[in-house]
Structures are given as structure tokens and as C-alpha cells.
J.: 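Below is the structure I would like to discuss, written out as C-alpha cells.
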Amino acid sequence: MIPLPPSESCPVQRILADLFARHRGCVEGHVASYIPELAKADPDTFGICVATTDGHLYEVGDSRHRFTIQSISKPFVYGLALDEHGLGPMARKVGVEPSGDAFNAISLAKEDGRPLNPMINAGAIATTGQVAAASPGDRIATILDMLRRYTGRTLDIDTAVYESEARTGHRNRAIGHLLRNHDVLTDDPTAAVDDYFRQCSVLVDCRDLAIMAATLANRGVNPLTGERAIRVEHVHSVLSVMASCGMYDSSGSWLYDVGMPAKSGVGGGVLAVLAGQFGIGVFSPRLDKRGNSVRAVRVCVDLSRVWELHQFDPPYCPQTSRRLSYSCAVRHSTRVRREAEFACLRDHGDAVCVHEVQGMLTLATAEPVVRTILAKLEGVKALIIDFGHVTGINASAARILADLAAEIGRRGSRVLFTTTDHLPDLSRIVAEHLGQPTATALCQFAALDPAMESCEDGIIRSFLPAPVPAGSRLDSWEITVGMSATELAVFQSLVSQRTFHCGDRIVRQGDDAHDLFLIVRGVIGVWLGDDSGDARRIASYSAGTMVGGMAFIDGQPRSATLVAESMVDCSVLSRDAFDRLERSHPAMYARMLRNIAASLSAKLRHANESLGVLGNRNG
Ligand code: GLN
């Protein structure tokens with residue numbers, strides 16, 4: 001038995017330990033004995049394991065004790081048959097209706113002899129018979145390999161249990177012959193029934209069950225190995241038959257009480273799936289009259305209640321997909337611009353609207369986004385939809401967002417959107433649904449900031465006269481504000497001219513600071529981090545602004561790297577020249593210090609304004 005880990009340290013583990021302690025004393029039910037070898041199970045063994053969809057395991061009790069999988073193999077083999085044949089052909093072999101009968105009942109449809117569902121023995125034997133087998137031994141090898149993808153480890157068959165079941169499984173053999181009689185099985189049924197006995201005798205533990213369940217919860221991808229175990233489009237089909245038929249003739253009350261797709265086996269195992277969240281495996285061999293583990297059912301009932309796992313108690317609130325909405329008049333990109341340009345953005349920025357979206361986008365969560373955007377379209381010339389905080393999107397949400405983009409395009413506005421790794425290529429979806437011309441009308445950006453910059457540049461271009469090269473008038477710099485003609489002449493003698501090419505590093509983070517850069521032409525980007533791949537662009541500076549002021553003033557090493565984003569011409573003031581000024585022209589020196597301080601405080605003001613908008617959630 002795995003010793004109970006220090007449960008006090010982890011609240012999740014503590015809940016499992018409490019459940020384990022609460023149900024350990026329950027000795028109701030009996031170990032299965034109709035397969036003689038199963039009767040040898042130690043009735044007191046008891047284990048619980050929960051696996052998360054990001055691959056973390058919580059285990060209590062005998063979670064590594066091996067037992068035979070029995071009927072828990074059925075949904076997985078059904079998934080394999082679906083992957084091999086598809087839904088239509090499989091529907092002609094096995095139905096999906098709960099039978100309400102015991103697992104070994106001969107529940108075949110009157111008209112065509114099809115078993116009612118793949119979770120009862122008749123349906124399971126029919127399903128196993130569909131798995132392709134070129135030669136004897138092929139089929140069980142395919143089944144074992146499929147189960148390996150779910151558990152992440154190679155599995156063995158308990159030969160004693162297999163032989164015991166093969167010796168005594170006359171009823172299952174009879175079912176096999178009936179299926180052959182109805183042409184559900186088209187070959188000698190002996191092989192299919194034999195492979196069914198073998199698949200039931202595969203040895204697993206609670207940990208395996210939890211990981212198998214977590215794989216189904218994770219849309220078919222094993223969260224520990226990353227391997228796909230079943231095609232994504234068949235996951236919900238498997239979960240559906242588990243929900244309606246997985247607990248035999250207790251399936252109705254199980255769904256009512258626990259509300260999760262699940263499967264039990266007469267070996268004492270129960271596996272339950274909470275789609276998108278958890279996989280649960282519980283083992284205890286004493287069974288109730290219907291063949292379900294008594295303790296395992298109780299643990300799942302309690303866990304569902306304590307953790308609020310019932311599928312018909314959905315946890316999320318659709319409104320949370322709207323993160324922030326604002327116009328470019330009230331919040332700007334991180335581009336530092338001349339004051340005249342900022343004033344222009346404040347006056348005309350309402351023509352650009354930004355909608356930041358977050359979380360998982362489904363129809364229900366994307367619908368409020370679409371609704372809000374449509375309601376706020378009046379006077380909007382460009383719309384930015386930022387998916388930077390989106391964790392996933394399904395096809396229906398992508399479809400309505402694509403339709404929205406097309407509609408906005410038809411109304412003559414531009415649509416810009418950002419993409420992240422979590423998102424499928426929205427342009428591709430738009431191209432598929434709405435045609436290539438619409439897709440190419442969309443502008444795609446790697447991040448929100450460059451998308452905003454591009455819109456701001458557009459506003460400034462259409463409302464401000466083309467900028468005279470900055471610095472052609474010496475008194476147009478922030479640093480020269482208030483200087484006399486003589487002082488301006490001194491200033492001019494202090495600065496030198498430098499040109500940088502696109503991509504040049506102008507200063508590096510950590511360097512000693514010597515210079516202040518006044519940008520005459522071009523754009524300078526500000527980057528944090530090194531070249532190892534995690535560098536991040538945090539701001540940029542336009543012509544007419546100055547950069548490098550912080551380190552220039554406080555003498556600390558450069559706090560960031562400056563990179564020329566185009567051809568850049570600068571007037572450069574060196575620290576030495578500035579220091580000399582303190583003695584030669586103290587009044588001018590003081591004025592320049594004040595001007596640098598004013599420039600830095602203007603940046604702080606802009607940052608504060610942006611923070612004000614960020615506080616205004618769902619605005
Ligand atoms: N091998 C068992 C049988 O067919 C499986 C039944 C079960 O787990 N309910 O009898």
C-alpha cells in the first residue's frame with residue numbers, strides 16, 4: 001500500500017485522503033466469483049487516483065495494486081473500432097441505447113440482432129469482432145497497443161484470469177454465436193470472443209485508469225506522454241456511451257448522482273471522466289448486485305458532490321470572455337510620440353476600438369464579444385480584436401468571429417487581430433468560410449502593441465501634416481524647451497549626428513550609459529531580456545522624442561536594449577558634454593535637467609492613464 005503522503009500539505013490530496021478514510025471501513029458487497037480466478041482478489045484492497053489534464057497525479061491507498069480491467073476495456077475498444085471504421089459502419093453493428101439490463105444480458109435489437117450498446121457484453125464482443133485482424137494474435141496486439149497509448153506503459157494480460165474466463169465463459173460464447181447468427185459477426189465468433197476474454201484480462205492499476213480517463217478528458221491526448229490515443233472526433237462518442245450505459249443497469253442513477261461518463265468492471269475498477277478537467281480511477285473489489293464496486297461508486301458520488309463535478313452543473317460564466325474594451329483615444333500603444341501626436345490621438349483616437357478577449361472561446365463565450373463589438377461600431381474606422389489572452393477556441397466560435405470580421409469589412413472598417421499559439425489561424429478559417437478576398441482584408445499581428453501602433457500611425461498620418469524632420473528646428477525638442485537663441489547655439493555645438501541601420505543595437509541592456517539619443521528620423525524599439533529567445537519589446541520611440549534619459553540621469557547601467565527599427569538618424573548628447581555644461585552654463589544645465597525630468601514624468605503620466613483604463617474591466 002502506498003503510504004498516505006503528508007496530506008496536510010496539499011488540500012486536494014487531503015480531500016482524497018479523507019474520502020479514502022471515510023469509505024475504507026465499508027465492507028458491503030462481494031468479490032466477483034463467477035470467473036473463479038477473480039474470487040482470489042483481496043477484498044480489502046482500495047485505491048484512488050485522480051489525474052489532471054495537465055498530467056498531475058494524486059494517489060491514495062493501493063493505487064498501484066494491479067487488477068484486471070474487465071469491462072473498463074469496452075469503451076476503449078469501441079473507440080478503436082470507431083477509429084478504424086467510422087461512426088456509420090459501427091452504427092450498423094452496435095447501437096447506442098441503454099439497455100437497462102445486466103451486463104451479461106442478451107440485449108439484441110429485435111429487428112436485426114444488433115446489440116443495444118457497446119458497454120454490455122453482447123455489444124462489446126461485437127465491437128471487438130470489428131477490430132481488424134489479419135492473422136491470429138493481431139487483434140489483441142492492436143488492442144494492447146491502443147491501451148498502451150492511453151496508459152503510457154506496456155500492459156500485460158493476467159493469463160490465469162484469461163484462462164479462468166475462457167474455461168467458464170459459456171454465456172459469452174453463446175452471445176458470440178448469436179451475433180454470428182445475426183451476421184453482426186461475419187467470421188467464426190470463437191476468435192472474437194477469445195480476444196474479448198483477453199482484453200478483459202489486461203492488468204491495470206488505479207493510476208492507469210486515472211490516466212486513461214484523463215486522456216479522454218484531454219480530447220484524446222495522453223497528458224503525460226502527449227501521445228494521441230483516439231481521434232479527437234470520436235472522443236465524445238465514447239464518452240456518450242459511457243454516460244448512458246457505462247455503469248450497466250445503474251447508469252441512470254449514476255448519471256443522476258455523479259453526472260460523469262464512467263465505466264466499471266467486475267475486477268473492482270471504476271473510471272470516470274470529467275471532460276476538460278480530470279480523470280478518476282478507483283479500485284475496490286467488493287461489488288454490488290449489478291457488478292459495480294461498492295466503495296468506488298461511493299467515492300465517486302462524494303467526489304462529485306465535494307468538487308462540484310456534475311456535468312449538468314457547468315462551472316463557467318460566459319461573460320468572462322470580455323477582458324477590456326477601449327478606444328485609442330484613451331489608451332495608447334507603448335510607442336512614445338511627440339506631444340502633438342498624443343494630442344491628435346486623444347482627439348481622433350475614437351475611430352479605433354480595441355477589444356481584448358480572454359479565456360476559452362466557445363459559441364457561448366464568443367457571443368457576448370460579438371454582440372458588444374457590433375453595438376459599439378458607430379464611427380469606428382478600425383477594429384482591433386486581441387486574442388493574446390485566449391486559451392483556446394472551438395470551430396463554432398472561430399466561425400462567428402470570422403463572420404463578424406467579414407461584416408465589419410463590408411461596412412468599410414478595417415479589422416486587425418492578434419494571434420497566439422493557442423489559436424488556429426483565423427485568416428485560414430475566414431478563407432475557408434468566407435473566401436480568400438475577405439481573409440486578405442484582415443490584418444494579422446503577433447501582438448496587440450504593434451497592431452495599435454499601426455492604427456495610431458494611420459490616425460496621425462490622416463490628421464497631422466507630414467512631420468518636418470524632427471530636429472530641423474532645434475527648439476522643437478523636449479530638451480530644448482525654453483532655451484534662448486544663444487543656448488540653442490551652444491546646444492547645437494554639443495550634439496553629434498549618428499545614423500543607425502535597421503536592426504542595429506544602439507545600446508545594450510546592462511551597458512554603462514554615456515549618451516542621450518534625440519531621434520531625428522526613424523523608430524527605436526526598447527527590448528528587455530537577452531538574445532536567448534525570451535526578449536520582449538516593451539516600447540518604442542518615434543522621431544521627435546528622446547530616449548536613454550533614465551540611465552543618462554541616474555548613471556545606472558542601461559535598463560533595456562535599444563534597437564533601430566528602421567533607418568534611424570539621431571542627435572546624440574554625451575554624458576561628458578552634459579557634465580561640462582554644469583560648470584560652463586549652469587542655468588542652461590538646470591533647464592535641460594528640468595526638461596529631461598518633464599519628459600520622464602510625461603511618460604509616467606501616460607503609463608498611469610493606461611493603468612486607469614486597465615482597471616476599467618469590461619468597459
Ligand atoms: N469479462 C467479464 C465478462 O464478460 C467482464 C464483465 C464486466 O466487467 N462487467 O463477464
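Not measured: the values here are computed from a predicted model. Note that ligands are numbered from 1 as they come in the structure, with each ligand's atoms numbered from 1 the same way.
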J.: Say whether, by atom type as modelled, one donor and one acceptor occur between the side chain of Ser164 and the main chain of Glu37 under 3.5 angstrom.
T.: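 Checking the backbone N and O of Glu37 against the side chain of Ser164, a donor-acceptor pair under 3.5 Å is found.
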
J.: Any carboxylate oxygen within less than 4.0 angstrom of a Lys/Arg side-chain nitrogen, looking at Asp194 and Arg198?
T.: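 Arg198 and Asp194: salt-bridged.
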
J.: With a cut-off of 4.0 Å, which atoms of ligand 1 are near a heavy atom of Asn121?
T.: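 Answer for ligand 1: 3 (C), 4 (O), 10 (O).
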
J.: Just going by heavy-atom distances, which of Lys74, Arg290, Glu165 is nearest to atom 1 (N) of ligand 1?
T.: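 Among Lys74, Arg290, Glu165, the closest heavy atom to atom 1 (N) of ligand 1 belongs to Glu165.
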
J.: Using a 3.5 Å cut-off on N or O atoms only, is Cys200 in polar contact with ligand 1?
T.: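 Such a contact does not occur with ligand 1.
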
J.: Pick whichever of Gly267, Ser73, Ser71 has a heavy atom sitting closest to atom 8 (O) of ligand 1.
T.: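 Minimum heavy-atom distance to atom 8 (O) of ligand 1 goes to Ser71.
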
J.: Only heavy atoms count here, so choose which of Tyr162, Tyr248, Tyr34 is nearest to atom 3 (C) of ligand 1.
T.: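 Shortest heavy-atom distance from atom 3 (C) of ligand 1: Tyr34.
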
J.: Can you tell me which portion of Asn172 lies within the under-4.0 Å heavy-atom range of ligand 1? Options are side chain, backbone, both, or neither.
T.: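 Within the 4.0 Å criterion, Asn172 contacts ligand 1 through side-chain atoms alone.
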
J.: Ligand 1 and Ser264, any nitrogen or oxygen pair closer than 3.5 angstrom?
T.: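 No, Ser264 has no N/O under 3.5 Å of an N/O on ligand 1.
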
J.: State the atoms of ligand 1, each with its element, that fall below the 4.0 Å cut-off from a heavy-atom position in Gly265.
T.: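 Taking each heavy atom of Gly265 in turn, ligand 1 has 8 (O) under 4.0 Å.
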
J.: For the residue pair Tyr248 and Phe103, does the interplanar ring angle fall in the parallel (under 30°), tilted (30 to 60°) or perpendicular (over 60°) class?
T.: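 It falls in the tilted class, 30° to 60°.
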
J.: Which residue supplies the protein heavy atom nearest to atom 2 (C) of ligand 1, what is that atom called, and how far is it?
T.: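 Atom 2 (C) of ligand 1 sits closest to the protein heavy atom Gln70 OE1, 3.1 Å.
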
J.: Flag this pair as yes if the NZ/CZ of Arg24 is under 6.0 angstrom from the six-membered ring centre of Phe46 and inside a 45 degree cone about the axis; otherwise no.
T.: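 Geometry flag: not set, cation outside 6.0 Å or 45°.
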
J.: How are the rings of His56 and Tyr58 set relative to one another: parallel (under 30°), tilted (30 to 60°) or perpendicular (over 60°)?
T.: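 Plane angle over 60°, so perpendicular.
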
J.: If you compare all heavy atoms of Gly265 against all heavy atoms of Leu287, which two are closest, and at what distance to 0.1 Å?
T.: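 For Gly265 and Leu287, the tightest heavy-atom pair comes out as O-CD2, 4.3 Å.
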
J.: Any atoms of ligand 1 less than 4.0 Å from a non-hydrogen atom of Tyr196? List them with their elements.
T.: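 Near Tyr196, the atoms of ligand 1 are 1 (N), 2 (C), 3 (C), 4 (O), 5 (C).
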
J.: Would you mind checking if Arg64 and Glu59 are paired as a salt bridge, meaning a charged N to carboxylate O distance below 4.0 Å?
T.: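 A salt bridge links Glu59 with Arg64.
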
